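Below: one structure, written as structure tokens.
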Amino acid sequence: MNIAPAPAHELATDTQRPARRYLPETFAVTDWASLESYFEELRDRTIASAEELENWLLDRSELESVLSEDLAWRYIRMTSDTQSQERAEAFQFFVNEVEPQAAPYDHALNEKLMASPYLPELNQDRYRVFLRSVRQALDIYRAENIPLKTEISTKQQQYAATVGAMTVTLDGEEITLPRAADNLKSTDRTVRATAYQAIQERRLQDAKALDQLFTELVDLRDQMARNAGFANFRDYMFAALGRFDYTAEDCFDFHRAIRETVVPLIDDLDLERRQDLGLPELRPWDLDVDTSGKAPLRPFETGEELLEKTITVFQRLDPFLGECLRTMRQMGHLDLESRKGKAPGGYNYPLDETGVPFIFMNATASLRDVVTLLHEGGHAVHSFLTRRLPLSADKHPPSEVAELASMSMELMSMDYWDEFFPNPDELRRAKRTHLEGVLETFPWVATIDKFQHWVYEHPQHTEAERHQRWKEIFDEFNQRTVSWQGLDTYKPYLWQKQLHLYEVPFYYIEYAMAQLGAIAVWRNYRQDAQQGLDAYKRALALGYTAPIGEIYEAAGIRFDFSTEYLRSLADFVREEMAKL
């Protein structure tokens with residue numbers, strides 16, 4: 001089956017949900033009983049030809065899309081207000097009542113597909129990526145893991161609720177931690193130090209509880225891995241995430257390459273920072289302030305202004321990109337501003353049936369917020385470019401590809417950041433700050449990833465051992481010229497701010513891999529803007545119908561994280577910074 005994608009302008013402007021072919025138009029997820037009959041029909045349906053098998057795949061995909069979108073909205077509403085018991089219960093209903101009962105049917109449908117005598121008649125090239133994922137899912141499925149997954153999901157929700165409730169009082173005002181972090185950009189060093197220590201002290205209040213929660217998650221995840229026949233949860237997750245294109249050893253090699261090539265560059269930048277600030281030594285609260293001595297950049301005042309300016313940036317880069325965000329605004333698929341009770345972080349949540357995703361973030365009028373919306377906007381564009389692919393699975397490429405979409409957008413859009421920074425000096429400051437952040441991505445990702453490998457290779461470790469290993473890894477990659485004197489109580493818990501460790505384990509090394517790819521996309525864009533942008537869109541439109549290496553090749557780049565490749569691209573970034 002080869003369904004041609006719709007033209008780009010239609011993908012962006014069509015706000016109608018495609019007509020259903022299998023489920024009734026009025027169907028909604030209200031209880032398990034309303035769903036089970038459809039799973040049973042798919043499981044028991046007689047399939048007498050390759051054409052009927054493909055139709056069965058489409059019907060199954062529609063059911064998956066409806067369920068995925070229903071869960072998405074429950075998650076979006078819960079994270080928008082973590083203090084709402086009603087929203088938490090609605091999400092937990094799906095996790096506790098729907099997912100556990102759907103999982104055995106999903107396994108049975110995979111078995112039915114792989115046992116079909118008509119499977120060889122399908123276009124094997126078209127379905128090769130999908131079918132290898134199905135085979136992998138069959139290999140790791142264990143019925144006894146279903147209740148464990150439910151328990152894990154419940155505990156992950158506890159993390160979001162705990163962190164979302166954190167506030168500090170500065171200058172007599174109670175504010176969220178993201179808003180407090182804006183003070184780290186203040187030119188007044190006392191203000192920075194006060195904010196930094198207030199944030200860390202607030203985190204410290206829940207540090208023991210979050211440590212215990214993480215211990216419980218590690219135990220549950222380790223048990224799940226052993227149930228599936230794996231030596232540890234790391235190996236299980238490599239299989240579950242479909243990492244067919246690289247190994248754990250490749251990750252270790254990447255860590256070493258980052259330490260050898262990027263960490264010394266960061267050390268140099270930090271030394272320049274200390275000299276520019278005229279300080280005898282750098283402290284952790286000196287790393288976000290602009291070294292020019294000028295006030296923090298304030299690119300917008302409200303979430304609506306942030307959105308309007310971002311739409312204009314996208315429009316100037318490519319009209320199709322601007323239409324994507326306009327469509328989302330028209331449909332109310334954006335929640336941008338920080339507020340008390342809102343979960344931390346930001347995300348773009350694909351909505352599989354509608355095809356128009358939802359962007360969630362915590363804007364506080366900083367440069368970081370601009371980059372976040374550009375980043376999540378890149379994910380959104382990816383959703384638009386894949387929304388008409390026939391199978392739900394086609395729309396969900398691995399993170400190594402998904403993050404390529406978002407990180408490339410950050411870099412290519414910089415030519416139009418004058419929308420946020422009409423002053424040339426502020427524009428230069430913004431670009432330099434962002435490019436420093438691009439380089440800083442690599443050491444932090446290596447830190448989190450190496451820490452995860454150790455945690456799950458040693459699941460019986462004590463909290464004291466965890467803290468010690470974290471500090472060793474942190475010091476290997478980060479802030480090697482920064483003084484931590486008097487702050488020793490904070491460092492053991494710095495990892496707790498990384499929600500990925502709690503909510504999406506082993507989803508992190510992809511950021512560094514994709515960042516490397518994004519720099520390569522940007523380098524191509526620098527050489528030929530139209531050709532680079534066209535290749536970027538062409539690669540994203542593949543969704544997950546091709547392996548990672550082929551998608552990168554379509555973008556005109558390499559899926560390569562060797563020391564040589566990393567050095568060449570890091571040097572390119574430094575050269576671009578020198579031009580500013």
Side-chain angles (χ1 to χ4, degrees), residues 29 31-32 35-36 38-40 42-43 60 63-64 67-68 70-72 74-75 78 88 91-115 130-160 212-244 247-248 392-393 396 398-399 452-461 499-510:
V29 179
D31 54 30
W32 172 247
L35 275 169
E36 189 169 23
Y38 295 101
F39 279 104
E40 290 177 339
L42 288 168
R43 181 196 61 193
R60 179 186 178 183
L63 178 59
E64 290 170 346
L67 287 178
S68 173
D70 183 86
L71 175 61
R74 293 170 190 266
Y75 181 82
M78 178 186 70
F91 178 77
Q92 283 305 126
F93 160 76
F94 197 103
V95 171
N96 294 329
E97 302 297 329
V98 176
E99 287 185 329
Q101 300 196 75
Y105 283 101
D106 190 55
H107 180 66
L109 297 181
N110 283 341
E111 289 183 319
K112 181 183 183 74
L113 171 63
M114 299 314 295
F130 170 67
L131 292 175
R132 74 176 183 178
S133 297
V134 171
R135 293 186 186 99
Q136 185 79 287
L138 285 170
D139 286 343
I140 69 173
Y141 174 84
R142 298 293 185 278
E144 58 267 37
N145 279 342
I146 295 173
L148 292 179
K149 289 181 178 180
T150 301
E151 189 174 356
I152 287 170
S153 181
T154 300
K155 290 188 180 299
Q156 289 172 176
Q157 184 186 350
Q158 292 175 23
Y159 174 79
Q212 178 58 35
L213 176 62
F214 192 66
T215 296
E216 294 169 3
L217 284 168
V218 169
D219 289 344
L220 289 167
R221 289 165 178 165
D222 183 65
Q223 183 60 53
M224 191 165 66
R226 294 184 184 281
N227 287 348
F230 289 87
N232 55 60
F233 182 70
R234 187 268 315 284
D235 294 348
Y236 171 86
M237 281 305 294
F238 266 61
L241 291 169
R243 289 184 174 167
F244 301 98
T247 65
S392 175
H396 295 280
S399 302
Q452 290 194 93
H453 283 275
W454 180 85
V455 163
Y456 292 104
E457 286 175 343
H458 306 84
Q460 302 305 315
H461 65 268
L499 66 85
H500 299 71
L501 293 169
Y502 287 87
E503 297 186 5
V504 278
F506 284 99
Y507 172 23
Y508 215 63
I509 191 64
E510 301 95 328

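Predicted model, so just to flag it, every value in this text is computed and none were measured.
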Can you find a heavy atom in the side chain of [X] that is under 4.5 Å from one in the side chain of [Y]?
X    : Y    : answer
L499 : Q156 : no
P505 : Q452 : yes
R243 : E510 : yes
P104 : Y141 : yes

I'd like to check the side-chain hydrogen bond (donor to acceptor under 3.5 Å, both in side chains) partners of [X]; sequence neighbours left out, ordered by chain and number.
X    : value
R74  : D70
Y502 : none
E36  : W32, Y105
K155 : E216

Please round to the nearest 0.5 Å and tell me the distance separating atom [atom1] of [X] and atom [atom2] of [Y].
X    : Y    : atom1 : atom2 : value
E99  : I146 : CD    : CD1   : 10.5 Å
Y236 : L241 : OH    : CG    : 9.5 Å
L35  : E97  : CG    : CD    : 12.0 Å
H107 : N110 : NE2   : CG    : 7.5 Å
E111 : R43  : CD    : CZ    : 11.5 Å

Open item on the list: Using the rule given for side chain to side chain contact (heavy atoms under 4.5 Å, CB included), can you reason through F214 versus V455, listing the C-alpha separation, both sets of side-chain angles and the distance that settles it, and then say yes or no?
Closed with: CA-CA 10 Å; F214 192 66; V455 163; 4.0 Å; yes
Checking [X] now: which residues fulfil salt bridge (charged side-chain N to carboxylate O under 4.0 Å, His left out) with it, not counting sequence neighbours?
X    : answer
E457 : R234
D235 : none
R221 : none
E503 : none

TODO: Could you tell me which residues satisfy side-chain contact (heavy atoms from CB on, under 4.5 Å) with S68, sequence neighbours excluded, listed by chain and number?
DONE: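 Partners of S68 under the side-chain contact (heavy atoms from CB on, under 4.5 Å) test: D352.
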Task: side-chain contact (heavy atoms from CB on, under 4.5 Å) partners for N227, two or more places apart - done: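 Checked N227 against side-chain contact (heavy atoms from CB on, under 4.5 Å); matches are E144, N145, L148, Q223.
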Open item on the list: Assess the residue pair Q101 and F39 against the criterion (side chain to side chain contact (heavy atoms under 4.5 Å, CB included)); give the C-alpha distance rounded to whole Å, side-chain angles, the decisive distance to 0.1 Å, and a yes or no.
Closed with: CA-CA 10 Å; Q101 300 196 75; F39 279 104; over 6 Å; no
Of all heavy-atom pairs between [X] and [Y], which one has the smallest distance, and what is that distance?
X    : Y    : answer
Y38  : L63  : CB-CD2, 4.2 Å
A88  : Q157 : CB-NE2, 3.2 Å
F91  : L71  : CE1-CD1, 3.7 Å
F238 : T247 : CE2-C, 3.5 Å
I140 : A228 : O-CB, 3.7 Å
P459 : D219 : O-OD1, 4.1 Å

Donor-acceptor pairs are to be reported for all side-chain atoms of residues 131-139 against protein atoms at under 3.5 Å, with residues two or more places apart or in another chain.
unit_1 : atom_1 : unit_2 : atom_2 : d
R132   : NH2    : Y544   : OH     : 3.2
S133   : OG     : V129   : O      : 3.1

TODO: Answer yes if the side chains of T154 and Q92 hold a donor-acceptor pair under 3.5 Å, and no otherwise.
DONE: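 Short answer, yes.
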- [ ] Just jot down the ring-ring contact (aromatic ring centres under 6.0 Å, His included) partners of H396, sequence neighbours excluded, or say none.
- [x]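 In terms of ring-ring contact (aromatic ring centres under 6.0 Å, His included), with neighbours along the sequence ignored, H396 is linked to no residue.
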- [ ] List the steps and the verdict of side chain to side chain contact (heavy atoms under 4.5 Å, CB included) for V218 and Y456.
- [x] CA-CA 7 Å; V218 169; Y456 292 104; 3.9 Å; yes
- [ ] Tell me, yes or no, whether the heavy-atom count around K112 atom NZ, taken from other residues, nucleotides or ligands under 6.0 Å, exceeds 12.
- [x]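 Result for NZ/K112: enclosed.
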Open item on the list: Checking the side chain of D106 only, and the main-chain atoms of A102 only, is there a donor and an acceptor separated by less than 3.5 Å?
Closed with: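 Side chain of D106 to backbone of A102, a donor-acceptor pair under 3.5 Å: no, none is there.
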